[in-house]
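One structure below.
Note: hydrogens, waters and symmetry copies are ignored here, and every other heavy atom, side chains too, is used.
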Amino acid sequence: MAITRRSLVCNASALTVAAAASSARAESGATRAPVRPKRLRKGDRVRIVAPASVTYDTDEVDIAREALTALGLTPSVGDHVMDRHGYLAGTDEARAADINAAFTDPAIDGIIALRGGWGAARTLPFIDFNLIRQTPKVFMGYSDITTLLNAITAQTGLVTFHGPNANTQWDPFTTAAMRAVVMDAKTPTMRNPQTLDDSLAVRTNRIQTISAGVAQGRLLGGNLTLFTGLLGTDYFPNTTGALIFLEEVGEYIYRCDRLINQLALAGAFDRAAGIVLGGFTDCGVDPAGGYGTFSLHDIFKHHFGGLGVPVFAGAMVGHVREKQTIPVGAQAGMNADDGTLKLIEPAVT
């Protein structure tokens, strides 16, 4: 394979960043004071990055650019977004280099992931957390991006955003929710709309209260698989006093049980202030499981019902079409009786 100037620069930068990341990890453990990024305004420049799975269709990037432009933003695309390295969008070093470059570039106001999939965790050794701490910016995405959101918040204190990826279908609800939190610096009460449609009773976006009560704390979490995958690393955030939100897609119920159990065994819920459960989309019974299985609600009650903290399920978070934007690391209040989250202060300045 020919060695190019670009590859030499990328490799040298990766070695430097890996050393800096090792130093930053040694400092982790305690909860860092929250750092709020500057809000995005119309005309601001945002960089599209691809920290996870490969993108084969250039239309996906074009649609993402058009959507962000329609939001009033000015998008550009990272150098490695269309790279291909197996099922990843470029090598680990290259994907991380796009993130570091976006935080470094003074012309860039915010960063948004193109898509999820798998691979963001592999970039962590090459992310320059010291740089991010010095140049805080809006960083947003969901699904596999859960890894980066929580790692960045744990390492730097920067509030990140579990919200739409750039290639999300930007329906009116999702768009308005993102604008309120990231662009308008509001403190919305996040409540599921209750519409009857053609029925006598509400059938969609229903809330299930598992343990009643109210609480407040720092929002942490995201996709269950990826959040659990950070356990045992210096990138897992301190969950003491936190409101932990979890969502999942495409996992059988027994697998969700196993993941939640692992978090419980690790003590992640021991000192949490409350639990919010979002969309568990297409998480059904293993067809080979036969009769006598548990429902998702059973699993939630088993693991969360005895914690003595407020817990509710059904929040519009995660792999659902209409989704809220949740600021990771920001202070919020929850009410498990009516299934609401309320930001205590703006997540951006």
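- Contact record, S53 with A89: O-CB, 3.5 Å, taken as the closest heavy-atom pair.
- With hydrogens and angles disregarded, a donor-acceptor distance shorter than 3.5 Å links the side chain of T233 to the backbone of L230.
- For the pair I127/I132, a side-chain contact is recorded, criterion being any heavy-atom separation below 4.5 Å from C-beta on.
- Counting Ile, Leu, Val, Met, Phe, Trp and Tyr side chains that sit under 4.5 Å apart, directly or through other members, M316 shares a hydrophobic cluster with F173.
- Atom CD1 of I48 sits about 13.5 Å away from atom CZ of R115, to the nearest 0.5 Å.
- Rounded to the nearest 0.5 Å, atoms CE (M140) and OG1 (T168) are 8.0 Å apart.
- The aromatic rings of F129 and Y235 are tilted relative to each other, their planes meeting at an angle between 30° and 60°.
- Applying the salt bridge (Lys or Arg N to Asp or Glu O under 4.0 Å) test to pairs two or more places apart or on separate chains, those with a residue in residues 34-45 are K38-D44, K38-D109, R45-D109.
- Tracing side-chain contacts under 4.5 Å through hydrophobic residues (I, L, V, M, F, W, Y), one never reaches V61 starting from I63; they form parts of separate clusters.
- Residues A273 and P310 come closest through the heavy atom pair O-CD, 3.4 Å.
- A single hydrophobic cluster is seen to contain both I145 and M178, as judged by linkage of ILVMFWY side chains at heavy-atom distances under 4.5 Å, directly or through other members.
- Scored by the ring-ring contact (aromatic ring centres under 6.0 Å, His included) test, H303 finds no partners at all (sequence neighbours excluded).
- Here the CD1-CZ distance, from I299 to F294, works out to 5.5 Å after rounding to the nearest 0.5 Å.
- The shortest side-chain heavy-atom distance between P125 and D92 does not fall under the 4.5 Å cut-off.
- F280 and F300 have perpendicular rings, their planes meeting at more than 60° on a 0 to 90° scale where under 30° would count as parallel.
- How far CG of N205 is from CD of Q194: 7.0 Å, rounded to the nearest 0.5 Å.
- Judged as a salt bridge (Lys or Arg N to Asp or Glu O under 4.0 Å), not a single pair has a partner in residues 321-331 (not counting sequence neighbours).
- Applying the salt bridge (Lys or Arg N to Asp or Glu O under 4.0 Å) test to every pair with at least one member in residues 182-211, sequence neighbours left out, gives these pairs: R191-D338.
- Aromatic rings of F161 and Y142 (six-membered ring for Trp) have centroids beyond the 6.0 Å cut-off, not under it.
- Residue pairs satisfying the side chain to side chain donor-acceptor pair (under 3.5 Å) criterion with at least one member in residues 239-248, sequence neighbours excluded, are listed as follows: N223-E247, N223-E248, T225-E248, N238-T240, E247-H319.
- The shortest non-hydrogen separation linking V311 to L277 is CG1-CD1, 4.3 Å.
- In this structure, the side chains of L68 and L71 come closer than 4.5 Å at one or more pairs of heavy atoms.
- Shown here for G305 and S211, the closest heavy-atom pair between the two residues is O-OG, 3.6 Å.
- With sequence neighbours excluded, no residue forms a salt bridge (Lys or Arg N to Asp or Glu O under 4.0 Å) with R218.
- A272 and A268 get closest at one heavy-atom pair: CB-O, 4.4 Å.
- Residues V328 and V348 are members of one and the same hydrophobic cluster, defined by side-chain heavy-atom contacts under 4.5 angstrom among Ile, Leu, Val, Met, Phe, Trp and Tyr.
- Minimum interatomic distance between A102 and I111 (heavy atoms only, all atoms of both residues): CB-CG1, 3.6 Å.
- Side-chain contact between F312 and N335 is absent, with no heavy-atom pair separated by less than 4.5 Å.
- To the nearest 0.5 Å, the span separating CG on N100 from CG on L131 amounts to 6.0 Å.
- Partners of D337 under the side-chain hydrogen bond (donor to acceptor under 3.5 Å, both in side chains) rule, at least two apart in sequence or in another chain, do not exist in this structure.
- The backbone N or O of L224 lies less than 3.5 Å from a partner atom in the side chain of T228, making a donor-acceptor pair.
- Under the 4.5 Å side-chain heavy-atom criterion for Ile, Leu, Val, Met, Phe, Trp and Tyr, V320 and L341 are members of distinct hydrophobic clusters.
- Think of L88 as one node in a network of Ile, Leu, Val, Met, Phe, Trp and Tyr side chains linked at under 4.5 Å; its network also takes in Y87, W118, L226.
- With sequence neighbours excluded, no residue forms a ring-ring contact (aromatic ring centres under 6.0 Å, His included) with Y252.
- The cluster map of Ile, Leu, Val, Met, Phe, Trp and Tyr, joined by side-chain heavy atoms under 4.5 Å apart, puts L231 and I152 in the same cluster.
- The shortest side-chain heavy-atom distance between L148 and T160 does not fall under the 4.5 Å cut-off.
- Residues meeting the salt bridge (Lys or Arg N to Asp or Glu O under 4.0 Å) test with R255, sequence neighbours left out: E251.
- Here the side chain of N150 pairs a donor or acceptor atom with the backbone of T146 at under 3.5 angstrom.
- With hydrogens and angles disregarded, no donor-acceptor distance shorter than 3.5 Å links the side chain of N261 to the backbone of R258.
- Sorted by first and then second residue, the ring pair (Phe, Tyr, Trp, His ring centres under 6.0 Å) pairs with a member in residues 259-279 read F269-F304; sequence neighbours excluded.
- With rounding to the nearest 0.5 angstrom, the CZ atom of R133 is 9.0 Å from the CG atom of D128.
- Taking a cutoff of 4.0 Å between a charged side-chain nitrogen and a carboxylate oxygen, R95 and D98 do not qualify as a salt bridge.
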